[in-house]
Every structure is written in C-alpha cells, then in structure tokens.
Amino acid sequence: QVQLVESGGGLVQPGGSLRLSCVASGSIFSINAMGWYRQAPGRQRELVAMITSGNSPNYADSVKGRFTISRDNAKKTAYLQMNSLKPEDTAVYYCNARITPLKPGPDDYWGQGTQVTVSS
C-alpha cells in the first residue's frame with residue numbers, strides 16, 4: 001500500500017506564507033504526478049496545483065503567481081509554497097499522487113488533508 005503524509009498547514013495572517021509538504025511511501029515503482037487539492041466548506045474539492053514526473057507544473061488561475069509546486073523525486077516528496085495568502089485560500093488541502101505501483105493495486109492516492117486558515 002501507499003501512504004501520503006502531509007505537513008505544514010496552520011493559521012496565517014493575510015499576506016503571509018505557508019509551505020506544505022507531502023511525502024509518499026510504500027510500494028511505489030514511480031510517481032507519475034503529484035498534486036494539491038483544496039476543499040472549503042460548502043464547496044467542491046478543486047485542483048490547486050499539480051506537477052508531473054517531468055517537473056511540469058500546472059496551477060489553478062486563482063493561485064497563479066502566488067503558489068509554487070515542486071517535487072523531489074528521490075525523496076518522493078511534493079511541496080506547495082503558498083505566498084501572499086488570502087482569506088479565500090482557507091480550506092482543507094489534500095495531497096494527491098498518481099503512481100505506477102510495484103504490485104497490482106490502486107494507482108491513485110490521497111493524503112489525510114491539512115487545514116490552512118488565513119485570517120487576521
């Protein structure tokens with residue numbers, strides 16, 4: 001099985017920064033893509049950013065220019081650097097990984113979620 005462990009969430013004032021980390025472990029042959037999603041109360045889960053194995057990033061329009069996704073393939077870790085945070089960024093943030101497993105099994109995994117609250 002595969003596990004995704006997230007860290008870095010918390011409370012920050014508007015204009016502040018947070019850095020989220022997601023570490024993948026388990027029976028993984030390769031990680032094809034890792035991404036960050038978020039879900040605010042009363043809203044659907046939405047894609048924030050994703051990055052492929054070739055380090056090609058994609059961002060939601062709402063975070064372009066403020067958030068940066070990166071990955072360390074050797075460490076099987078993805079990061080989300082969040083700058084210039086706004087109250088609208090408040091949500092539970094989830095890490096997602098699409099993998100090629102070593103053994104037959106699922107190829108899509110989610111972290112437990114971490115709360116990001118932007119408030120003065």
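If you're wondering where the values come from, they're calculated on a predicted model, not measured in any experiment.
Atom CD of residue Gln81 and atom CD1 of residue Ile69 lie 12.0 Å apart, to the nearest 0.5 angstrom. Remark: Ser62 OG to Glu46 CD distance equals 5.5 Å, nearest 0.5 Å. For the atom pair CG (Leu11) and CD (Gln115), the distance works out to 9.5 Å, reported to the nearest 0.5 Å. The NZ atom of Lys76 lies 6.5 Å from the CD1 atom of Ile31; values are rounded to the nearest 0.5 Å. Between Ile51 atom CD1 and Asn58 atom CG the span is 9.5 Å, to the nearest 0.5 Å.
Put simply, the side chain of Leu47 does not reach to within 4.5 Å of the side chain of Asn96, judged on heavy atoms. Counting heavy atoms from C-beta outward, Arg45 and Trp110 have side chains that approach closer than 4.5 Å. The shortest side-chain heavy-atom distance between Ser119 and Pro87 does not fall under the 4.5 Å cut-off. By the 4.5 Å heavy-atom criterion applied to side chains, Thr100 and Asn32 are counted as neighbours. No side-chain heavy atom of Ser27 sits less than 4.5 Å from a side-chain heavy atom of Pro101. Using a 4.5 Å heavy-atom threshold, the side chains of Tyr109 and Gln3 count as separate.
Heavy-atom minimum distance, Cys22 versus Leu4: SG-CB, 3.9 Å. Of all non-hydrogen atoms in Ser120 and Pro14, the two that sit nearest each other are N-CD, 3.7 Å. Scanning all heavy atoms of the two residues, the minimum distance from Ala33 to Met50 falls at CB-CE, 3.9 Å. Here the closest heavy-atom approach between residue Ser17 and residue Asn83 is recorded as OG-OD1, 2.8 Å.
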Glu6 vs Ser21, side-chain contact (heavy atoms from CB on, under 4.5 Å): CA-CA, chis, key distance, verdict:
CA-CA 5 Å; Glu6 301 167 330; Ser21 299; over 6 Å; no
Verdict with supporting geometry, Thr68 and Leu80, side-chain contact (heavy atoms from CB on, under 4.5 Å):
CA-CA 6 Å; Thr68 302; Leu80 185 67; over 6 Å; no
Between Asp89 and Arg66, is the side-chain contact (heavy atoms from CB on, under 4.5 Å) condition met? List the steps.
CA-CA 11 Å; Asp89 297 317; Arg66 299 188 297 120; 2.7 Å; yes
Should Met82 and Tyr93 be marked as a side-chain contact (heavy atoms from CB on, under 4.5 Å) after you check the CA-CA gap, both sets of side-chain angles, and the distance that decides it?
CA-CA 12 Å; Met82 303 184 293; Tyr93 284 70; 3.9 Å; yes
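Under a hydrophobic-cluster definition in which Ile, Leu, Val, Met, Phe, Trp and Tyr are linked whenever side-chain heavy atoms come within less than 4.5 Å, directly or via other members, Val63 and Val92 are assigned to different clusters. Side-chain heavy atoms closer than 4.5 Å link hydrophobic residues (I, L, V, M, F, W, Y) into clusters, and following such links, even through other members, never connects Val23 to Val48. Met34 is connected to Ile28 through a chain of hydrophobic side-chain contacts under 4.5 Å among Ile, Leu, Val, Met, Phe, Trp and Tyr, so both are in one cluster.
Within the cation-pi definition used here (under 6.0 Å to the ring centroid, within 45° of the axis), Arg38 does not qualify as a partner of Tyr94.
Between Trp36 and Phe67, the distance from one ring center to the other does not fall under 6.0 angstrom.
Between the side chains of Thr114 and Gln112, no donor-acceptor pair of N or O atoms lies under 3.5 Å.
Using a 4.0 Å cut-off between a side-chain N of Lys or Arg and a carboxylate O of Asp or Glu, Asp61 and Lys64 qualify as a salt bridge.
With hydrogens and angles ignored, the 3.5 Å screen pairs no side-chain donor or acceptor of Arg98 with any backbone N or O of Asp108.
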